[in-house]
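Since the structure comes first, as structure tokens, the remarks are kept for the end.
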2 protein chains.
Amino acid sequence: MISIPLIKWPVYKLGQNDFIKGKTVQYLKIKETIVEQIDSGLLPARQKLPSERKLAEAFSTTRVTMRAALSSLEAEARLYREDRRGWFVCPEPLRYDPSSTFNFMSMANNQGRAGFSKLIEARKVLATKQAAALLQVPMLTDIYHIKRVRFLEDRPVVYVSNFIKAAHFPDLLDHDFTPSLTDVYLKYYAVRYQTTHYRVSTTCLFGEIAQVLRATPGSPAMLVERINYDQNGLLIDCDLEYWRHDAICIESTAQLNAESTLG
Amino acid sequence: MISIPLIKWPVYKLGQNDFIKGKTVQYLKIKETIVEQIDSGLLPARQKLPSERKLAEAFSTTRVTMRAALSSLEAEARLYREDRRGWFVCPEPLRYDPSSTFNFMSMANNQGRAGFSKLIEARKVLATKQAAALLQVPMLTDIYHIKRVRFLEDRPVVYVSNFIKAAHFPDLLDHDFTPSLTDVYLKYYAVRYQTTHYRVSTTCLFGEIAQVLRATPGSPAMLVERINYDQNGLLIDCDLEYWRHDAICIESTAQLNAESTLG
DNA sequence: GAGTGGTCTAGACCACCTG
DNA sequence: AGGTGGTCTAGACCACTCG
């Protein structure tokens with residue numbers, strides 16, 4: 001595990017009293033200063049910043065303006081928040097290729113990161129309308145619903161919700177699927193992912209998801225939805241992944257379909 | 001062109017004075033109400049909302065809290081802003097498949113949308129460090145730099161910056177590449193995209209990009225970076241696309257690479 | 001020129017986290 | 001128990017947009 005180094009946050013010195021004359025926007029000035037500190041290495045990844053009140057004082061401003069600067073840096077994926085715990089410096093994002101079989105732990109390892117998963121809940125349930133639509137089954141069909149959180153260096157970065165056709169995987173819940181569903185599919189059911197249909201969009205976090213990710217409700221997030229097919233072209237499961245938006249970037253290579261040019 | 005319907009914004013009626021007792025969070029209550037109005041169809045896509053002051057009064061709150069609610073709806077891609085012009089209801093996002101040849105106009109048309117492009121600037125320049133790295137050429141190599149904005153129904157949704165190896169395309173700038181670069185590549189140079197390497201991440205908009213997109217500086221955005229290769233496997237160009245985050249979702253199908261499972 | 005959005009001030013209360 | 005972040009109030013000025 002990598003622990004957070006306890007480096008002293010330097011005192012702020014704005015060259016002048018940056019009163020808003022003309023177009024100087026205060027919170028942008030503040031952002032610049034913080035970014036400089038990060039880029040210069042004074043503020044290492046995962047470093048906690050001082051309290052908002054102290055920061056506001058150091059920058060000779062109010063908490064509201066200070067928070068505007070911090071929130072903007074959050075949107076830019078330079079800082080992240082832990083709900084009611086404070087502000088931290090973002091580490092590098094994980095590169096996530098949707099066209100490779102999803103195995104969080106090895107993906108993290110390959111990039112020199114420490115990753116692990118935690119089970120929130122796994123149950124056999126009857127398909128709700130939404131789940132039924134995703135899996136293309138009638139409502140009230142037996143399905144598994146698995147919820148997990150995945151961590152990078154002790155930080156929860158993604159909430160994963162899986163819906164799985166129960167008929168394809170009898171007694172699935174008896175196995176240890178927490179680190180990797182695909183490994184269990186392959187080992188016990190001789191099923192492997194072959195094709196995936198995915199969608200990436202931006203959203204924000206609320207409720208249970210925000211809680212589990214220790215995110216302030218309303219934090220920006222990236223939603224990755226996937227529908228997966230096995231080697232026989234059968235739809236086997238789907239998953240909804242809510243990523244802290246600073247923790248991920250999607251990266252892939254595609255062969256282009258010539259037909260789609262016309263129109 | 002689709003024009004914005006001038007529907008009267010309904011008067012707000014919160015069931016009770018929603019004073020903050022216990023855990024009732026005011027701005028969430030406001031969000032709910034607005035979302036209901038959108039989902040019920042009372043507020044059609046592209047509808048302009050009343051001024052922040054009027055909204056704040058209607059909800060019996062201050063502008064600061066009102067803006068918290070509006071900003072959160074912006075993060076959720078339910079509302080968007082035009083800088084200093086006000087708040088509007090988001091239309092459906094465009095579905096964008098990076099594995100199909102990028103041709104904005106036809107993509108829009110296929111989805112029943114009206115799209116067009118506008119040239120900002122096109123010049124032959126010497127590669128900067130960043131551009132040289134992207135194109136894998138020495139610094140100061142001749143390249144084209146093209147900047148465009150693309151619109152959906154009169155709304156600017158994406159700022160596209162292209163870097164192109166000049167050696168591959170003599171006199172490229174003499175052609176009309178504004179609607180589609182790929183069409184010009186194919187028609188005049190017999191070059192077609194074959195492979196693309198792409199990355200998707202979230203960021204926010206500032207400076208020229210925000211201006212061109214009529215976005216408030218700091219608005220959330222999706223950044224799509226692509227490096228494109230022709231039918232001979234040669235790197236020919238790259239592009240940086242800054243999307244208003246509510247205007248797009250990435251959607252694609254991928255065949256999975258089995259090797260990437262191990263680890 | 002009126003009104004709007006963008007920005008900012010100077011306070012406040014509360015629930016929650018941490019020591 | 002003290003301090004923190006999350007939320008909120010009630011004002012303010014400015015540059016810009018729009019009619």
Side-chain angles (χ1 to χ4, degrees), chain A residues 4 6 9 14 17-32 48-75 79-88 204-207 210-211 214-219, chain B residues 4 6 9 14 17-32 48-75 79-88 204-207 210-211 214-219:
Chain A
I4 299 174
L6 290 171
W9 178 260
L14 289 180
N17 257 358
D18 282 68
F19 278 107
I20 328 99
K21 284 294 176 196
K23 299 181 63 176
T24 309
V25 179
Q26 212 175 142
Y27 82 92
L28 291 180
K29 196 77 189 161
I30 297 173
K31 283 182 60 180
E32 263 177 37
K48 185 180 187 307
L49 268 56
S51 78
E52 294 177 358
R53 286 172 178 83
K54 279 180 190 146
L55 287 170
E57 197 191 359
F59 282 107
S60 308
T61 186
T62 60
R63 264 185 78 207
V64 175
T65 300
M66 194 63 226
R67 280 171 66 85
L70 295 170
S71 297
S72 186
L73 287 168
E74 180 186 37
L79 298 180
Y80 66 92
R81 251 191 286 194
E82 301 230 336
D83 193 40
R84 291 172 190 281
R85 281 178 197 86
W87 299 84
F88 302 82
C204 54
L205 305 170
F206 284 101
Q211 237 171 62
R214 301 206 284 258
T216 305
S219 298
Chain B
I4 299 172
L6 291 172
W9 177 264
L14 289 180
N17 257 0
D18 281 70
F19 278 107
I20 327 99
K21 285 293 173 198
K23 297 181 66 176
T24 309
V25 180
Q26 212 175 141
Y27 82 92
L28 292 180
K29 196 77 189 159
I30 296 174
K31 283 183 60 180
E32 264 178 36
K48 185 180 187 309
L49 268 58
S51 77
E52 294 177 356
R53 286 172 178 83
K54 280 181 190 144
L55 287 170
E57 199 192 357
F59 282 107
S60 309
T61 186
T62 60
R63 266 184 78 208
V64 174
T65 300
M66 194 63 226
R67 281 170 66 84
L70 294 170
S71 297
S72 185
L73 287 167
E74 180 187 36
L79 298 180
Y80 66 93
R81 253 192 287 194
E82 301 232 335
D83 193 37
R84 293 174 188 282
R85 281 179 196 84
W87 298 84
F88 302 81
C204 56
L205 305 170
F206 284 102
Q211 240 171 58
R214 300 207 285 259
T216 305
S219 298

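Below, read A as the first sequence line, B as the second, and so on, with proteins coming before strands; counting in each chain starts at 1. Bear in mind that the values here come from a model prediction, so they are computed numbers and not experimental data.
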When the distance from [atom1] of [X] to [atom2] of [N] is rounded to whole Å, what number comes out?
X       : N      : atom1 : atom2 : value
A:Leu70 : D:dT4  : CG    : P     : 14 Å
A:Met66 : D:dT4  : CE    : C1'   : 15 Å
A:Glu52 : C:dA10 : CD    : C1'   : 16 Å
A:Trp87 : C:dC17 : CH2   : P     : 17 Å
B:Glu57 : C:dG5  : CD    : P     : 14 Å
B:Glu82 : C:dG6  : CD    : P     : 11 Å
B:Arg81 : C:dT4  : CZ    : C1'   : 13 Å
B:Tyr80 : C:dG5  : OH    : P     : 14 Å

Would you say [X] places a side-chain N or O within less than 4.0 Å of OP1 or OP2 belonging to [N]?
X        : N     : result
B:Tyr27  : D:dC8 : no
A:Arg67  : D:dG6 : yes
B:Ser51  : C:dG3 : no
A:Gln26  : C:dT9 : yes
B:Thr62  : D:dC8 : no
A:Thr216 : D:dG6 : yes
A:Lys54  : D:dG3 : no

Inset, instruction - For the pair A:Thr216 (side chain) and A:Ser219 (backbone), establish whether a donor and an acceptor sit closer than 3.5 Å, ignoring hydrogens and angles. - result: no
Legend entry - Any side-chain heavy-atom pair of A:Leu55 and A:Thr61 under 4.5 Å: no
Inset, instruction - For residues B:Leu70 and B:Leu49, determine if any side-chain heavy atom of one lies less than 4.5 Å from a side-chain heavy atom of the other. - result: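 B:Leu70 vs B:Leu49: side chains touch.
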Legend entry - Closest listed nucleotide, where the reference is the side chain of A:Thr65 and the choices are D:dG6, C:dG5, C:dC8: C:dC8
Legend entry - Residue A:Arg63, side-chain heavy atoms: nucleotide from C:dT9, C:dG5, D:dT7 that is nearest: D:dT7
Considering only nitrogen or oxygen atoms on both sides, find all protein atoms under 3.5 Å from nucleotides 17-19 of chain D and state each distance.
residue	atom	partner	partner atom	Å
D:dC18	OP1	B:Arg85	NE	3.4

Inset, instruction - Taking atom types as modelled, find out whether B:Trp87 and B:Glu52 have a side-chain donor-acceptor pair closer than 3.5 angstrom. - result: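 Their side chains do contain a donor-acceptor pair, which is all the 3.5 Å distance test asks for.
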Inset, instruction - Apply side-chain hydrogen bond (donor to acceptor under 3.5 Å, both in side chains) to A:Ser71 and list each qualifying residue two or more places apart in sequence or on a separate chain. - result: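 In terms of side-chain hydrogen bond (donor to acceptor under 3.5 Å, both in side chains), with neighbours along the sequence ignored, A:Ser71 is linked to no residue.
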Legend entry - By side-chain hydrogen bond (donor to acceptor under 3.5 Å, both in side chains) - contacts of A:Glu82 (at least two apart):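 With neighbours one apart ignored, the set is A:Arg214.
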Legend entry - Atom of B:Cys204, atom of B:Gly218 and distance for their closest heavy-atom approach: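 Shortest heavy-atom separation between B:Cys204 and B:Gly218 comes out as CB-O, 3.5 Å.
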